[in-house]
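For reference, the structure discussed in these notes is given below.
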Number of protein chains: 2
Amino acid sequence: MTSIRDIAKYAGASVTTVSRVINNSGYVSAATRFRVEQAIADLAFTPSASARRMRSGSSRMVGVVLPALDVPFFGILAHVIERELFRRGLQALICCTDESADQEAQYISMLLSQQVDGVLAASVLEDSAQYQRLVDAGVPIVAIDRALPGLSVKRVAADHHLGGRMMAEHLLGLGHRRFAVIGAPQHSPPVQARVQGAVQRLAEAGLGAQVVLGPAHDFDACRALAAGILTGGERPTALIGTTDIAAIGAVHAAIGAGLSVPWDISVIGFDDLPESRYVLPALTTVAQPLREIGTQAVAQLVAQMAGEEITLPDLPLRLVLRDTTAPPC
Amino acid sequence: MTSIRDIAKYAGASVTTVSRVINNSGYVSAATRFRVEQAIADLAFTPSASARRMRSGSSRMVGVVLPALDVPFFGILAHVIERELFRRGLQALICCTDESADQEAQYISMLLSQQVDGVLAASVLEDSAQYQRLVDAGVPIVAIDRALPGLSVKRVAADHHLGGRMMAEHLLGLGHRRFAVIGAPQHSPPVQARVQGAVQRLAEAGLGAQVVLGPAHDFDACRALAAGILTGGERPTALIGTTDIAAIGAVHAAIGAGLSVPWDISVIGFDDLPESRYVLPALTTVAQPLREIGTQAVAQLVAQMAGEEITLPDLPLRLVLRDTTAPPC
DNA sequence: TTGTACGCGTTATCAG
DNA sequence: CTGATAACGCGTACAA
């Protein structure tokens with residue numbers, strides 16, 4: 001590796017001067033600066049991040065802990081976060097936990113040893129003992145979407161409970177009386193909040209709902225889940241999906257069962273992913289501002305890294321009317 | 001920061017001993033080992049990755065350069081790669097270039113300064129001068145999907161040209177005679193190869209095709225592209241989408257134009273993303289083994305990092321018959 | 001088996 | 001304006 005000392009020798013200057021040129025700090029004569037820059041170009045020199053970190057204590061890296069990248073929701077979130085960090089000269093260290101507590105713990109050890117300047121986490125952990133280690137090390141943390149139970153860290157997330165209410169509200173307004181809530185993944189607190197919100201709103205209208213949740217959040221699993229409740233005689237006229245994927249599965253199940261959507265049965269989703277428009281008929285859904293969640297989380301974290309306090313604007317939900325909901329016949 | 005020296009003092013041992021305990025190297029008496037481990041636990045010590053890297057020269061990090069994470073194709077690829085690296089004790093440093101040559105160059109400087117042990121790249125660059133810098137620094141590189149022009153690095157990718165031929169072949173076999181190839185992004189070499197393969201196969205059958213490509217690869221853009229060629233009197237009876245997203249857009253355009261799929265018009269896609277099953281009717285497509293591409297790329301890179309040579313198995317394409325193709329009427 | 005001392009590449013401090 | 005030097009945390013010859 002060519003080091004700052006090689007540059008100094010080559011340019012006939014001292015290491016101090018070279019450092020000054022690189023970091024634009026202190027005074028350097030134009031002539032010296034030129035010689036040093038020449039040397040840097042000639043020898044294709046790149047400063048060592050490790051050495052810098054060792055001196056400064058700061059790595060300019062941020063840990064981004066997510067359950068996955070291969071599902072659109074987290075893919076989009078990761079993308080926004082990565083871009084937003086890059087824009088600020090920060091490097092994302094993306095960690096896919098695969099919903100495994102064990103791996104999440106390993107990742108946290110790694111983030112600690114990398115001396116990341118901050119952490120953004122959509123955690124799957126029940127207790128936050130692992131994250132406590134980061135807190136103890138003085139690393140700022142911001143929770144995304146899912147909370148970090150027992151830790152007093154800020155959380156950037158949409159109001160999932162309200163989202164559940166909005167889904168129910170829309171179908172109620174259309175005149176539906178027989179509901180089912182279906183979807184996955186059942187272990188996800190945001191999903192649970194949505195279910196709770198929907199059930200609560202229905203209860204306020206004096207109505208109950210069949211709730212069917214599963215562990216797996218793929219298309220097939222969700223379709224099977226929905227298919228299971230479409231057989232009985234007293235089948236629901238309205239299906240509330242916990243997510244867009246769940247709702248898309250439900251639409252397929254309904255059509256597969258010979259029902260017409262939305263005339264025989266209405267379906268609503270949550271998220272408003274690009275995918276929601278791929279189904280035919282296109283999915284009615286409650287949109288959460290996913291990209292804004294990423295942006296705000298980064299803004300919040302960066303503020304905390306600078307020791308500042310900021311208040312973020314609300315993250316509004318929005319009903320997106322498309323073609324899978326209609327009054328019952 | 002608590003360092004190896006603090007542990008030594010606390011445990012009443014030397015730094016050497018502590019280092020040996022941490023790295024499981026050399027002889028340490030059971031009693032000493034226990035005291036040291038105790039100390040590490042008590043003081044919540046984590047070895048500094050920077051200091052290690054500085055000594056060893058190896059960072060155990062791998063740069064992963066991708067155009068984006070918010071499109072399913074690259075989201076899935078990134079996921080597989082990240083998991084596969086983690087399994088081998090390597091940390092992925094994911095870099096989203098947003099299809100910008102400028103940012104890609106910045107990322108490469110960063111990877112150089114981080115002293116990554118290897119790089120996996122799906123590059124957007126026309127020339128590979130930037131990657132030459134990595135080569136010069138002795139960093140192993142493996143190209144994924146897209147090639148690195150002018151560089152003699154291994155590339156892990158499906159045979160896109162053949163994929164194009166397979167799409168044409170299937171529709172030809174069904175009896176179609178009037179074709180259009182539509183989709184995006186036109187600047188992507190794999191997409192170009194697919195188009196070329198399809199056109200070539202059609203030419204072999206003595207047939208031409210209308211080719212309509214656009215720069216933007218989102219659903220709306222692709223749907224608009226397809227809608228544009230559905231209006232004339234002599235409209236095609238078969239649409240070849242450059243990707244699944246393009247094909248999904250085409251299905252929507254066709255249905256929006258009052259056509260029935262597959263009876264009035266057939267549509268075929270490429271990739272076999274989960275999304276291809278969301279449309280109704282479900283999309284017929286040519287599957288590329290996306291996850292296997294990620295796995296093989298990592299295997300190849302790791303081999304190169306170890307100075308080994310390996311030969312990878314083929315990456316077979318597969319026609320997936322679903323509901324958007326049928327003989328013309 | 002254990003301990004001492006040095007060097008990895010930077011930057012901050014202080015002296016010139 | 002420029003230069004010498006110490007220090008960051010770790011691993012490893014070498015010495016004991």
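What's counted below: heavy atoms across the whole structure, side chains too, no hydrogens, waters or symmetry copies. Sequence lines set the chain letters: A, B, ... in the order given, protein chains first and strands last, and positions in each chain run from 1.
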Note: B/Lys154-B/Glu309 ion pair, threshold 4.0 Å (strictly below):
yes
With a 3.5 Å distance limit and no angle check, can you tell me whether A/Ser128 reaches the backbone of A/Pro149 through a side-chain donor-acceptor pair?
yes
Quick one: label A/Ser48 by what it contacts on the DNA or RNA (base, sugar-phosphate, nothing), any heavy atom closer than 4.0 Å.
sugar-phosphate
For A/Arg88, check side-chain hydrogen bond (donor to acceptor under 3.5 Å, both in side chains) against everything at least two apart and list the hits.
A/Glu84
5' precedence on DNA chain C between A/Ile4 and A/Arg20 (nearest-nucleotide basis)
A/Ile4
So, under a plain 3.5 Å distance rule, would you say the side chain of A/Arg55 forms a donor-acceptor pair with the base of C/dA12?
no
Please figure out whether A/Val15 or A/Tyr27 has its closest DNA chain D nucleotide nearer the 5' end.
A/Tyr27
Under-4.0 Å side-chain N/O to phosphate OP1/OP2 contact, B/Ser14 with C/dG3
yes
From the options D/dC1, D/dC10, C/dT10, select the nucleotide whose nearest atom is closest to the side chain of A/Phe45.
C/dT10
Can we say A/Arg146 and A/Glu99 salt-bridge, meaning some charged N sits less than 4.0 Å from an Asp/Glu carboxylate O?
yes
Regarding C/dT10, can its base be found pairing with the side chain of A/Arg52 as donor and acceptor, where the two atoms are less than 3.5 Å apart?
no
Nearest-nucleotide pick for A/Ser3, side chain only, options being D/dG3, C/dT1, C/dG9:
C/dG9
Is any side-chain nitrogen or oxygen of A/Ser29 closer than 4.0 Å to OP1 or OP2 of D/dT2?
yes
Do the side-chain N or O atoms of A/Thr17 get closer than 4.0 angstrom to the phosphate oxygens (OP1, OP2) of D/dG3?
yes
Below 3.5 Å, does any donor atom in the side chain of B/Thr16 face an acceptor in the base of C/dT4, or the other way round?
yes
Within the structure shown, what part of the strands sits under 4.0 Å from A/Ser25 by heavy-atom distance: base, sugar-phosphate, or nothing?
nothing
Tell me the interatomic distance from A/Met54, atom CE, to D/dC10, atom P, rounded to whole angstroms.
9 Å
Distance check: side-chain N/O of A/Ser19 vs OP1/OP2 of C/dA12, anything under 4.0 Å?
no
Answer yes when A/Arg291 and B/Asp70 have at least one side-chain N-carboxylate O distance shorter than 4.0 Å, and no when they do not.
yes
